[in-house]
Amino acid sequence: MRTFLHLIATFVVSTLALWGTLGKGNPWPCYGVVLAVWALFFWRYHRRLKRDASKKHFEQAMFRDYMRAQPRSRYR
């Protein structure tokens, strides 16, 4: 849900910046804003994916350690 909200905000800001280029004599600053907003979105998205992957790996390691600590059943 958070990613979706960031995506919508990115769309809004980039759309407004591109509309701002329509009447400008020098549109390059607005193009820079658009590129910066999209770069920021992808950077934050990539960072969030890495954090989620490390959290999942940590949880799996904790579960493996817990299961190793449990005594095995004699009756299988």
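The ring of W38 has its center closer than 6.0 angstrom to the ring center of F11.
V13 and F42 fall into different hydrophobic clusters, defined by Ile, Leu, Val, Met, Phe, Trp and Tyr side-chain heavy atoms under 4.5 Å apart, directly or through other members. Following chains of ILVMFWY side-chain contacts shorter than 4.5 Å, one cannot reach L49 starting from F41, and the two form parts of different hydrophobic clusters. The hydrophobic clustering, which links ILVMFWY residues whose side-chain heavy atoms are closer than 4.5 Å, places W19 and V12 together.
By the 4.0 Å N-to-carboxylate-O rule, K55 lies too far from D52 to be salt-bridged with it.
Within the 4.5 Å cutoff, the side chain of L18 has heavy atoms near those of the Y31 side chain. Inter-residue side-chain proximity for M62 and M67 is flagged as unmet; no heavy-atom pair is nearer than 4.5 Å. Contact check for Q70 versus Y66: side-chain heavy atoms found under the 4.5 Å cut-off. R48 has its side chain within reach of H6: a pair of non-hydrogen atoms, C-beta onward, lies under 4.5 Å apart.
Here the closest non-hydrogen pair linking V33 and A17 is CG1-CB, 4.1 Å. Residues S54 and R51 approach most closely at OG-O, 2.9 Å, considering heavy atoms.
In this structure, T21 OG1 and N26 CG are separated by 11.0 Å, a value rounded to the nearest 0.5 Å.
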